[in-house]
Each structure stands twice: as C-alpha cells, then as structure tokens.
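A short write-up of the structure that comes next.
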Amino acid sequence: MSEEPRRRRAPAMSPEDRREAIVHAALPLVIKDGTNVTTSQIAAAAGIAEGTVFRVFKDKQELLATCVSEALKSDVEIERIRKIDHDQPLNARLTESINAVREYLDRMWGVMSALRDTGYQPPAHKLGEEKGPPLEMRRLSEAVAELFADEPVRVKPEHAARLFLGLVFTNRMQGRGLGEVVAEPTELVELFLHGALKRGGNDE
C-alpha cells in the first residue's frame with residue numbers, strides 16, 4: 001500500500017512579511033467593523049493561527065495603529081499616477097489620476113471613519129506630531145503636479161495640483177450638508193479645466 005505524499009510546509013515568512021500580510025488581511029475587516037474586529041477574525045482572514053498575530057504585534061492596539069499607517073500610505077497610488085502616459089491629452093491624464101486618488105481616499109477615510117466611530121484613540125505620541133499637510137498628501141500632490149508640467153496653466157503646476165486635489169477631495173465627501181451626488185472623473189476634470197459656466201457665460 002503506497003503512502004500518501006507528505007504535504008510540504010509553506011516556507012516561513014519573515015516577521016516583516018508576516019506583519020504586512022496580517023495588516024493587508026485586517027484592513028477590509030477594520031473598514032467594516034472598526035475597533036470591534038477581533039484578532040481571531042483577522043487571523044482567520046490571514047489564514048493563520050490567532051497566536052501568530054501576537055508573535056509579530058504586541059497587542060491589538062499596535063495592530064490597529066499599523067493598519068492606520070498602512071491606510072495612509074500612498075505609494076501604490078503615486079506609482080499609478082507616475083505611470084500615466086504623458087502623450088495623452090491633459091484631461092485624459094487628470095481623469096486617470098482621479099481614479100488613483102479616489103481609491104486612496106476611500107481606503108484612508110474608510111479606515112479612519114470606522115475606527116473613529118467605534119472609539120479608537122491613536123497613540124498619544126502620534127497626536128500633533130506633524131504640522132501642515134500630511135506627508136502622504138504632499139507626495140500625492142507632487143505626483144499630480146507632474147501631470148501639469150509643460151502645460152499652459154495660469155498658475156504653477158504645484159498650485160494647480162493642490163487646487164485640483166482639493167476639488168477631488170471635496171467631490172468624495174458626502175453626508176449631511178454635503179449631498180449624496182458625486183461627479184464622475186471626466187465631469188470633474190471638465191469642471192476644473194473649463195469652469196462651471198456653459199459657453200457664452202450666463203447664456204443658456
């Protein structure tokens with residue numbers, strides 16, 4: 001009688017890779033349940049035993065703080081923006097950038113809103129640590145500014161990028177006093193580049 005072949009164990013992950021895998025598994029759960037998510041749910045989503053979570057994170061608070069840091073990172077979106085084909089017209093480039101930026105906003109706001117609504121308090125040393133626009137927002141703005149390079153804009157590319165992102169951010173905000181309707185990327189770009197008035201000014 002032939003023996004069944006032994007299952008090969010998956011290669012061990014480094015602590016850094018394990019932390020990253022756990023955080024990526026945790027983010028959708030945090031957006032859904034905020035601080036109410038359990039480490040057993042996170043472990044199940046990551047396909048590991050619950051004890052493994054505490055081998056790389058001191059406690060649940062550290063895991064949640066790491067989820068916040070991960071949600072705030074904009075590396076993936078910046079890479080997408082910098083890969084946009086500059087041979088395209090400006091309106092097409094800006095439309096592509098909106099698709100990247102809104103994914104960043106939805107992830108960041110999703111995590112922060114869920115945690116805030118369920119009583120999360122960030123570590124004390126993180127409060128008031130940075131002045132001015134957050135670093136990741138500045139990096140996004142710098143990437144978008146490159147899309148305006150060599151274009152006949154009325155202001156510096158950096159200023160144009162800030163104004164454009166301000167419109168994108170505001171467009172994603174919904175709720176009481178803000179309405180529920182958002183403009184599609186192509187419509188938003190049209191408004192930014194050509195204004196809200198129809199051709200001919202106030203003419204219908």
TODO: Start with the C-alpha distance between Phe57 and Val23, add both sets of side-chain angles, then the distance that settles side chain to side chain contact (heavy atoms under 4.5 Å, CB included), and finish with yes or no.
DONE: CA-CA 10 Å; Phe57 291 100; Val23 168; 3.7 Å; yes
Shortest non-hydrogen contact from [X] to [Y]?
X	Y	answer
Gln88	Ile84	NE2-CG2, 3.8 Å
Arg18	Ile48	NH1-CG2, 3.3 Å
Pro185	Ile98	O-CD1, 3.7 Å
Ile81	Ala100	CG1-CB, 4.0 Å
Thr52	Ile22	O-CD1, 4.4 Å
Thr66	Glu62	OG1-O, 2.8 Å

Is any side-chain heavy atom of [X] closer than 4.5 Å to a side-chain heavy atom of [Y]?
X	Y	value
Arg172	Asp106	yes
Phe164	Val189	yes
Arg19	Leu63	no

As an exercise, state the distance from [atom1] of [X] to [atom2] of [Y], rounded to the nearest 0.5 Å.
X	Y	atom1	atom2	result
Ile31	Cys67	CD1	SG	9.5 Å
Leu167	Arg162	CG	CZ	14.0 Å
Arg107	Leu27	CZ	CG	7.5 Å
Met112	Leu105	CE	CG	13.0 Å
Glu184	Thr95	CD	OG1	10.5 Å
Leu94	Leu90	CG	CG	4.0 Å

TODO: Consider only side-chain N and O atoms of Ser141 and Arg138, and report whether a donor and an acceptor are under 3.5 Å apart.
DONE: no
Task: Between Thr39 and Glu50: side-chain donor-acceptor atoms closer than 3.5 Å - done: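 There is such a pair (donor and acceptor under 3.5 Å, judged by atom type) between the side chains of Thr39 and Glu50.
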Task: Same apolar cluster: Met173 and Leu165, side chain cutoff 4.5 Å - done: yes
Task: hydrophobic_cluster_shared for Val76 and Val111, side chain cutoff 4.5 Å - done: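 No; Val76 is not reachable from Val111 via cluster members.
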Would you say [X]'s side chain and [Y]'s backbone share a donor-acceptor pair under 3.5 angstrom?
X	Y	value
Ser74	Glu77	no
Glu187	Ala183	no
Tyr104	Leu72	yes
Arg139	Lys73	no

Scan the side chains in residues 143-160 for donor-acceptor partners under 3.5 Å anywhere in the protein, sequence neighbours excluded, and list what turns up.
| residue | atom | partner | partner atom | Å |
| --- | --- | --- | --- | --- |
| Glu146 | OE2 | Arg82 | NE | 3.3 |
| Glu146 | OE2 | Arg82 | NH2 | 3.3 |
| Glu151 | OE2 | Arg93 | NH2 | 2.8 |

Open item on the list: Please evaluate residues Glu70 and Glu20 with respect to the criterion side chain to side chain contact (heavy atoms under 4.5 Å, CB included), reporting the C-alpha separation (whole Å), side-chain torsions for both, the decisive distance (0.1 Å), and the verdict.
Closed with: CA-CA 9 Å; Glu70 185 64 28; Glu20 184 178 349; 5.7 Å; no
Open item on the list: Under the side chain to side chain donor-acceptor pair (under 3.5 Å) test against Thr118, which residue among Asn36, Thr35, Asp33 passes?
Closed with: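 Testing Thr118 for a side chain to side chain donor-acceptor pair (under 3.5 Å) against Asn36, Thr35, Asp33 leaves exactly one candidate, Thr35.
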Task: Residues in salt bridge (Lys or Arg N to Asp or Glu O under 4.0 Å) contact with Glu96, at least two apart in sequence or another chain - done: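 Not a single residue meets the salt bridge (Lys or Arg N to Asp or Glu O under 4.0 Å) criterion with Glu96.
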